[in-house]
Amino acid sequence: MEPPRPPWPRALAFAAAASWMVLAPCRKQLFGLKNNVLTLDWAMFRNVGQNACLVHYVRREGGAERTLDRFALLGHEAPAEAPAELRVPESAEAARAIGASLCEALGPKADVRLYARCPVEGRFAVASAGEANLCADGGRPP
Amino acid sequence: MRGGDGLWPRLVRWALLDEGSTRTAALLRVGLVSLAWAKWAEDLALFRQSGLAAHAIGLSFFASTALFFVGAFTRVSGPWAALSMLAAYGYLGLYLGQRLAFVHHHTRILLIAVVLVALMPSGRSLSVDRYRAVARAAREGRPPPPERGPLWTLRLLALQVSLLYFFSASDKLRWSFLSGASLEQIYAFVYGGPDLAGWAGYRPLLVASALATVAIEYALAFGLWVPRWRRAIVPLGVAFHFVLYYTLPISIFSATMSLLYLAFLDPDRVHAAIDAVLGQGPPAAPVVAATPPGPEPPAEGGAAEGARHPLTPA
C-alpha cells in the first residue's frame with residue numbers, strides 16, 4: 001500500500017514558508033545587502049551602543065580621588081531616568097561637556113577629572129585618562 | 001505495515017501529514033496573544049495613533065485578538081488577528097515609519113508566530129469553540145470531537161525558532177562580539193556605567209559571556225530537535241532568556257522565545273501532561289531512561305496512554 005500523499009497546497013505552502021525562513025535572512029546576513037519588505041535579519045544588538053563611551057568622573061582633593069555620581073549631582077535619581085546624552089556620551093567631547101556641567105554644580109575651584117573609553121572601530125580605546133582638570137581652562141588636555 | 005519508511009517519506013510524513021493534540025496550539029494561541037497585547041496594545045490604542053487607517057488597524061487588532069484569545073470563531077479570528085498585525089507592521093511600521101514600535105526583530109518573531117498559529121486548529125482545545133463543540137455533541141448524543149489536528153504549521157514554527165538561533169549565533173561570529181567589546185557597548189548604553197575596567201575579572205567576564213551566548217544559541221538551534229537532549233536544553237534556553245529579560249530591555253522577545261519551545265514538544269505528551277495536572281488522566285510516569293521504549297509511537301488515537309513528561313525523549 002502506498003504511503004498517503006500530502007495535499008499539494010499544504011506541501012507548496014510548507015516549502016515556500018520554509019524556503020523564506022532560510023533565505024530571507026541571507027540577503028543581509030550573508031550578502032550584506034539592505035533588507036527589503038520581504039526579507040529580515042536576525043542580527044541582534046548590532047547597533048546598540050555603537051558610539052557609547054564608558055566614562056567616570058573623579059574629584060581630586062588633597063591628592064586623593066573620589067568618584068562622582070554624575071546623575072545625582074545633575075539632579076537625576078537614577079541613571080535610567082537621565083537623558084541619553086548624560087547616560088551614554090558618544091564622544092570624548094560630549095563627556096567633557098558633562099564635566100563642565102559637573103564643574104558648574106561643584107563650583108569653580110573643584111578639580112574634576114574625566115576617565116573615558118570610547119569605541120573606535122568596534123573596540124574601546126582610552127579617550128581620557130584624567131590628565132586635565134575639567135574645571136580649569138575648559139578641561140582641555142595639556 | 002507502513003510503506004515508504006525511507007528518510008524522505010518519513011520526513012514528508014513528519015512535516016506534512018502528522019497529526020496530534022491541538023492543546024499545544026491552544027497554549028500558543030493564548031500565550032502569543034497575551035504577548036501581542038503586551039507589546040502592541042498601547043501603541044495601537046486610540047490616543048497613540050491618528051488617521052482613519054491607523055484607528056481601523058487598531059480596532060481590528062483589538063477585536064480580532066480578543067476573540068482569538070478566548071478561542072471564539074478561531075477559523076476567522078486567527079487569520080483576522082494575523083492580518084491585523086501584518087497591517088500594523090506594514091502600514092504603521094514600514095509605511096508611516098513607526099519602526100521602534102512595530103518593526104524590530106522582537107516584533108517580527110511574534111508576528112511570524114501569530115501567523116503560523118492562526119493557521120493551526122487551535123480552537124479545537126481550551127477555547128470557546130471547544131466549549132460549543134462539546135455542548136453540541138452532548139445535545140446530539142455523540143462523543144465530543146477529538147482534540148486533534150495537523151501539525152505542519154507547528155513544524156514550521158519549530159523550524160523558524162531554530163533558524164532564528166542559528167542566524168543570531170552566526171552573526172556574532174565576529175571579533176567585535178567575541179572579544180566582548182559589543183557586550184561592553186551594550187552595557188554602557190543600557191546602564192551608563194560604572195566603568196569596571198579596573199576590575200581584573202571584567203575582561204574575562206565579557207569574553208566568557210560573549211562565548212557563552214554564541215554557544216548557547218548554537219546549542220538551542222540544534223539541540224531542541226533532539227528529544228533526549230530537550231530535558232537539558234529547554235531549561236537552559238529558558239534560563240538564558242530569563243537572564244536576558246532581567247539584565248537587558250528585551251522582555252517580550254525573551255518571553256516569546258521561551259513560549260515557542262512548546263513547538264518542539266510532542267503535542268500528545270503535552271496533552272497528557274495537562275490531563276495529569278487536571279487529574280483527568282493516569283499519574284505522570286516517572287522519569288524514563290533516555291533509551292526510547294520502542295521503535296515507533298502509536299499511530300492512532302488521541303493523547304498517549306500513560307502521561308509522560310513532555311520533555312521525555314520519544
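Protein chains get the first letters and strands the later ones, always in sequence-line order, with residue 1 at the start of each.
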Against chain A, work out which of B:Leu164, B:Leu159, B:Ile112 has the most heavy-atom pairs shorter than 4.5 Å and name it.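 Option with the greatest count: B:Leu164.
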
Could you tell me whether [X] atom [atom1] has more than 12 heavy atoms of other residues or ligands within 6.0 Å of it?
X        : atom1 : value
A:Glu77  : CD    : no
B:Tyr245 : OH    : no
B:Arg75  : CZ    : no

Going by the ring pair (Phe, Tyr, Trp, His ring centres under 6.0 Å) test, which pairs reach into residues 67-114 of chain A, not counting sequence neighbours?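 The answer is none; no pair qualifies.
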
Ring pair (Phe, Tyr, Trp, His ring centres under 6.0 Å) pairs, two or more places apart, involving residues 168-197 of chain B: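 Pairs touching residues 168-197 of chain B that pass the test: B:Tyr187-B:Tyr191.
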
Contact check, side chains of B:Ser170 and A:Trp42, non-hydrogen atoms, under 4.5 Å: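 No, side chains not in contact.
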
Can you tell if the side chain of B:Asp171 reaches within under 4.5 Å of the side chain of A:Lys28, non-hydrogen atoms only?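 Side-chain contact under 4.5 Å: no.
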
Non-hydrogen atoms of chain A under 4.5 Å away: do they reach the side chain of [X], the backbone, both or neither?
X        : result
B:Ile109 : both
B:Leu156 : both
B:Ala15  : both
B:Val103 : neither

Given the rule in the side chain to side chain contact (heavy atoms under 4.5 Å, CB included) test, do A:Trp20 and B:Gln160 qualify, once you have shown the distances and angles that lead to the verdict? CA-CA 10 Å; A:Trp20 178 81; B:Gln160 178 61 86; 4.0 Å; yes

Mind listing the closest non-hydrogen atom pair of [X] and [Y] along with its distance?
X        : Y        : value
B:Ala188 : A:Cys53  : CB-O, 4.3 Å
B:Gln185 : A:Pro119 : NE2-CB, 2.9 Å
B:Tyr202 : A:Arg117 : CE2-NH2, 3.8 Å

OG of B:Ser168 to CD of A:Gln29: how many Å apart, nearest 0.5 Å?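 Rounded to the nearest 0.5 Å, the OG-CD separation comes to 8.0 Å.
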
Inter-residue atom distance A:Met21.CE - B:Leu116.CG, 0.5 Å rounding: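 It is 5.0 Å, given to the nearest 0.5 Å.
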
